[in-house]
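Below you'll find the structure, written out as structure tokens, and then a few comments.
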Amino acid sequence: MTDDARIEDWLRRMKWALARMPSPEREDILAETRAHLRERLDGGQNAEAALAALGPADVYARRFIDEMELSNALGSQRSSDLFRVVLRRLHRSLVAVVAFIALLFLGALGVGAPATAIGKLFDPAHFGLWVGPYNFSLGYNSNPDIHEVLGNGIYPVAVVITGLAWVLGRMVLLWAARAIRGR
């Protein structure tokens with residue numbers, strides 16, 4: 001196989017890996033990569049060495065896809081797009097792992113507080129914010145040694161906790177996307 005044929009084969013695989021990207025951007029990246037490879041060949045490298053420097057076509061293309069997804073998520077600032085960026089990087093980013101754990105905690109609070117308030121409507125003796133000598137919990141309790149501290153105040157507190165969980169969750173998503181981009 002000739003050097004040109006090897007490069008065209010590699011570029012074909014890269015184009016396939018970039019399929020999710022809009023066509024004009026994809027073609028620009030391919031043209032730039034082709035020119036870069038041509039420079040290496042003109043500089044005396046063979047196709048094998050030039051391609052080895054870039055790595056596998058799908059891995060090289062992944063960087064462009066990642067950047068596109070990250071730019072789109074930060075541009076839209078929609079929570080679902082930002083969350084998708086964090087999820088797709090869980091296996092390769094400590095920032096994404098930390099953000100995901102924080103989001104799980106905030107999600108539990110954001111769901112647990114209104115669930116407790118709803119439970120309080122039907123079973124006021126067992127739902128609420130409970131405090132004891134070694135316990136502090138929100139939700140259901142059947143332990144008579146700890147006491148409920150909010151009473152009907154659980155309703156506005158649940159609204160505040162849910163709102164704070166939402167705002168903090170968005171802040172975590174924005175922080176994570178910006179931190180990932182900074183790499």
Side-chain angles (χ1 to χ4, degrees), residues 1-115 159-183:
M1 184 180 265
T2 67
D3 281 353
D4 285 342
R6 280 190 177 138
I7 287 175
E8 288 306 315
D9 181 56
W10 188 91
L11 287 168
R12 180 185 49 75
R13 288 192 312 262
M14 183 179 169
K15 183 177 183 176
W16 184 80
L18 293 171
R20 292 191 339 210
M21 187 171 274
S23 181
E25 292 169 9
R26 180 177 57 240
E27 295 307 321
D28 287 347
I29 291 168
L30 287 166
E32 189 175 315
T33 305
R34 181 178 280 113
H36 179 70
L37 289 167
R38 178 56 47 203
E39 285 176 19
R40 287 178 175 262
L41 290 177
D42 292 346
Q45 279 188 342
N46 63 20
E48 190 172 323
L51 294 173
L54 299 181
D58 60 330
V59 174
Y60 188 74
R62 183 78 224 157
R63 289 184 252 168
F64 295 103
I65 297 291
D66 285 350
E67 182 58 32
M68 180 189 70
E69 289 174 346
L70 195 51
S71 293
N72 290 343
L74 284 169
S76 76
Q77 292 200 0
R78 289 194 330 237
S79 296
S80 59
D81 293 342
L82 293 166
F83 187 65
R84 203 170 334 186
V85 163
V86 169
L87 279 181
R88 288 193 176 145
R89 285 159 180 80
L90 270 178
H91 67 287
R92 57 188 164 147
S93 170
L94 181 58
V95 168
V97 170
V98 169
F100 185 73
I101 291 169
L103 291 169
L104 284 177
F105 174 75
L106 291 169
L109 277 177
V111 170
V159 170
V160 169
I161 289 174
T162 303
L164 279 174
W166 174 257
V167 169
L168 291 174
R170 283 205 35 86
M171 290 172 66
V172 166
L173 286 170
L174 285 168
W175 164 79
R178 289 176 180 144
I180 290 168
R181 172 174 251 176
R183 292 180 174 207

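Remember, predicted model here, so these are calculated numbers, not experimental data.
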Next on the checklist: Applying salt bridge (Lys or Arg N to Asp or Glu O under 4.0 Å) to Asp9 and Arg13, what does each step give before you reach the verdict?
Outcome noted: CA-CA 6 Å; Asp9 181 56; Arg13 288 192 312 262; 2.4 Å; yes
Next on the checklist: Does Trp16 form a side chain to side chain contact (heavy atoms under 4.5 Å, CB included) with Asp58? I'd like the steps, not just the answer.
Outcome noted: CA-CA 8 Å; Trp16 184 80; Asp58 60 330; over 6 Å; no
Item to check | Nearest-0.5 Å distance that lies between atom CG in Leu87 and atom CG in Leu82 | outcome: 11.5 Å
Checklist entry - Mind checking whether Val85 and Leu74 have side chains closer than 4.5 Å, heavy atoms only? => result no
Item to check | Value rounded to 0.5 Å, distance of OG1 in Thr33 from CD1 in Ile7 | outcome: 11.0 Å
Checklist entry - Among all residues two or more places apart in sequence or in another chain, which pass the salt bridge (Lys or Arg N to Asp or Glu O under 4.0 Å) test with Arg34? => result Glu8
Next on the checklist: On a heavy-atom basis, which atom in Ala179 and which in Val95 lie closest, and how many Å separate them?
Outcome noted: CB-CG1, 3.8 Å
Checklist entry - Should Arg178 and Leu70 be marked as a side chain to side chain contact (heavy atoms under 4.5 Å, CB included) after you check the CA-CA gap, both sets of side-chain angles, and the distance that decides it? => result CA-CA 9 Å; Arg178 289 176 180 144; Leu70 195 51; over 6 Å; no
Checklist entry - After noting the C-alpha distance and the side-chain angles of Glu67 and Arg63, does the key distance pass the side chain to side chain contact (heavy atoms under 4.5 Å, CB included) rule? => result CA-CA 6 Å; Glu67 182 58 32; Arg63 289 184 252 168; over 6 Å; no
Checklist entry - Do His36 and Leu54 come within less than 4.5 Å of each other through their side chains, counting heavy atoms only? => result yes
Next on the checklist: Within the structure provided, determine whether Met68 and Asn72 are in side-chain contact (heavy-atom separation under 4.5 Å).
Outcome noted: yes
Checklist entry - If you look at every heavy atom in Val98 and Trp175, which pair is closest and at what distance? => result CG1-CH2, 4.4 Å
Next on the checklist: Give me the atom names and distance for the closest heavy-atom approach of Ala176 to Val86.
Outcome noted: CB-CG2, 3.8 Å
Solution key, residues 25-32 side-chain donor-acceptor pairs under 3.5 Å, sequence neighbours excluded:
from	atom 1	to	atom 2	distance (Å)
Arg26	NH1	Ala19	O	3.3
Arg26	NH1	Met21	O	2.8

Checklist entry - Considering residues at least two apart in sequence or located in another chain, which fulfil the ring pair (Phe, Tyr, Trp, His ring centres under 6.0 Å) criterion with Phe64? => result Tyr60
Item to check | Spacing of Leu109 atom CG and Leu164 atom CG [to the nearest 0.5 Å] | outcome: 9.5 Å
Next on the checklist: Using 0.5 Å steps for rounding, measure from the CG atom of Leu106 to the CD1 atom of Ile101.
Outcome noted: 12.0 Å
Determine all donor-acceptor pairs shorter than 3.5 Å in which one atom belongs to a side chain in residues 166-173; sequence neighbours excluded.
from	atom 1	to	atom 2	distance (Å)
Arg170	NH1	Gln77	O	2.9
Arg170	NH1	Ser79	OG	2.8
Arg170	NH2	Gln77	O	3.0

Next on the checklist: Does this structure show an ion pair linking Asp66 with Arg88, if we count only N-O contacts that are shorter than 4.0 Å?
Outcome noted: no
Item to check | Listed partners of Arg20 passing side-chain hydrogen bond (donor to acceptor under 3.5 Å, both in side chains), at least two apart | outcome: Glu69
Checklist outcome for this item: By salt bridge (Lys or Arg N to Asp or Glu O under 4.0 Å), Arg6 pairs with (sequence neighbours left out) none
Checklist outcome for this item: Heavy-atom nearest pair, Thr162 first then Gly110, reads OG1-O, 3.5 Å
Next on the checklist: If you compare all heavy atoms of Ser76 against all heavy atoms of Asp81, which two are closest, and at what distance to 0.1 Å?
Outcome noted: OG-OD2, 2.8 Å
Checklist outcome for this item: Tightest non-hydrogen contact, residues Ala50 and Gln45, listed as CA-OE1, 3.4 Å
